[in-house]
K.L.:
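Dropping the structure in here first, questions after.
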Amino acid sequence: MVRDIRVTGTGQLLDLSMRLRRAGHENIRQSYLRRIRRAAEPLRSDLQDAVRRQPLQSTGRGAGKRGGPSPTTRPFRESIAQAIRISVRTTGNPGARVWLDKSLLPPDIPVGAVNQMNDLGRLRHPVFGNKKRWSNQSAQRDFWNKTIHAHQSRITAEVARVADDVRRRIE
């Protein structure tokens, strides 16, 4: 799942990255990338915490229904939290991007599960992989969006400060 934080003035970031490349200041560029990544780290940590705190609650089994232990020992929410990644780019669409890495998710957890939890406030899934029996679990709605919006102004200010510092150093 990717929800973008739009930082206005990204043209300035593009201009700055081109000037850095032309000037050949590799250590300034590395510092620039490191500081932008550092600005996004608290967002990643808070998103992981928000996923871990999701109150996935089921309506429960009816009387006389069969049940049993889970066939997997892997925690669902922890698996999703560990798949949240950060990437920083200075070309094309510059900035930091926090995203859910599909390759780090177990094959039985689709990326759409996080979208369902965030957008619909529920998670609908087959019971232990049985496509004839489905279960609904309620979740907190908009947890991903709320966490991103809580960090947006801080990240925007930090990126602007980093860009100003770098611009001063190369001029």
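Every heavy atom of this structure was used, including side-chain atoms; hydrogens, water molecules and symmetry mates were not.
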K.L.:
So how far is it from Leu104 CG to Ile80 CD1, rounded to the nearest 0.5 Å?
P.N.:
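Going from the CG atom of Leu104 to the CD1 atom of Ile80 covers 12.5 Å.
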K.L.:
Under the rule for side chain to side chain contact (heavy atoms under 4.5 Å, CB included), what residues qualify as partners of Pro42, not counting sequence neighbours?
P.N.:
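Applying side chain to side chain contact (heavy atoms under 4.5 Å, CB included) to Pro42 gives His151, Arg154.
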K.L.:
If I compare all heavy atoms of Ala81 with all of Gln48, which pair ends up nearest, and what's the gap?
P.N.:
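Minimum heavy-atom contact is O-NE2, 2.9 Å.
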K.L.:
Once side-chain hydrogen bond (donor to acceptor under 3.5 Å, both in side chains) is applied, do any residues pair with Ser153, and if so which ones, sequence neighbours excluded?
P.N.:
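Applying side-chain hydrogen bond (donor to acceptor under 3.5 Å, both in side chains) to Ser153 gives none.
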K.L.:
Which heavy atom of Ile155 sits nearest to which heavy atom of Ala39, and what is that distance?
P.N.:
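Between these two residues, the closest heavy atoms are CG1-O, 3.7 Å.
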K.L.:
Do you know the tightest heavy-atom contact between Leu105 and Ala83?
P.N.:
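So the minimum-distance heavy-atom pair works out to CD2-CB, 3.8 Å.
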K.L.:
Identify the two heavy atoms, one from Ile36 and one from Ala96, that lie closest to each other, and give their separation to 0.1 Å.
P.N.:
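Nearest pair, atom of Ile36 first, then Ala96: CG2-CB, 3.9 Å.
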K.L.:
With sequence neighbours excluded, what pairs up with Pro55 under the side chain to side chain contact (heavy atoms under 4.5 Å, CB included) test?
P.N.:
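Result, side chain to side chain contact (heavy atoms under 4.5 Å, CB included) vs Pro55: Gln57, Gln140.
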K.L.:
Can you tell me which residue pairs pass the salt bridge (charged side-chain N to carboxylate O under 4.0 Å, His left out) test with a partner in residues 46-55, sequence neighbours excluded?
P.N.:
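Non-adjacent pairs meeting salt bridge (charged side-chain N to carboxylate O under 4.0 Å, His left out): Asp49-Arg52, Arg52-Glu78.
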K.L.:
Please test Phe143 against Ile148 for side-chain contact (heavy atoms from CB on, under 4.5 Å), starting from the C-alpha separation and ending with a verdict.
P.N.:
CA-CA 9 Å; Phe143 70 94; Ile148 286 176; over 6 Å; no
K.L.:
Applying side-chain hydrogen bond (donor to acceptor under 3.5 Å, both in side chains), name anything that partners Arg85, two or more places apart in sequence or on another chain.
P.N.:
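Per chain and number, Arg85 pairs via side-chain hydrogen bond (donor to acceptor under 3.5 Å, both in side chains) with no residue.
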K.L.:
Find the distance between CH2 (Trp144) and NE2 (His149) and round it off to the nearest 0.5 Å.
P.N.:
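The NE2 atom of His149 is 13.0 Å from CH2 of Trp144, to the nearest 0.5 Å.
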K.L.:
Does anything in residues 138-151 pair up under salt bridge (charged side-chain N to carboxylate O under 4.0 Å, His left out), and if so which pairs, sequence neighbours excluded?
P.N.:
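Sorted result for residues 138-151: empty, none.
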K.L.:
For residues 35-45, which residue pairs qualify under side-chain hydrogen bond (donor to acceptor under 3.5 Å, both in side chains), counting only residues two or more places apart or in two chains?
P.N.:
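Sorted pair list: Arg35-Asp165.
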K.L.:
Between Trp99 and Leu47, does a side-chain contact (heavy atoms from CB on, under 4.5 Å) hold up when you go through it step by step?
P.N.:
CA-CA 10 Å; Trp99 53 289; Leu47 281 172; over 6 Å; no
K.L.:
Residues two or more places apart in sequence or in another chain: which of them pass salt bridge (charged side-chain N to carboxylate O under 4.0 Å, His left out) with Arg161?
P.N.:
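So Arg161 forms a salt bridge (charged side-chain N to carboxylate O under 4.0 Å, His left out) with Glu158.
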K.L.:
So, for Ser79 and Ile109, which heavy atoms are closest and what is the spacing to 0.1 Å?
P.N.:
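Minimum heavy-atom separation between Ser79 and Ile109: CB-CD1, 4.0 Å.
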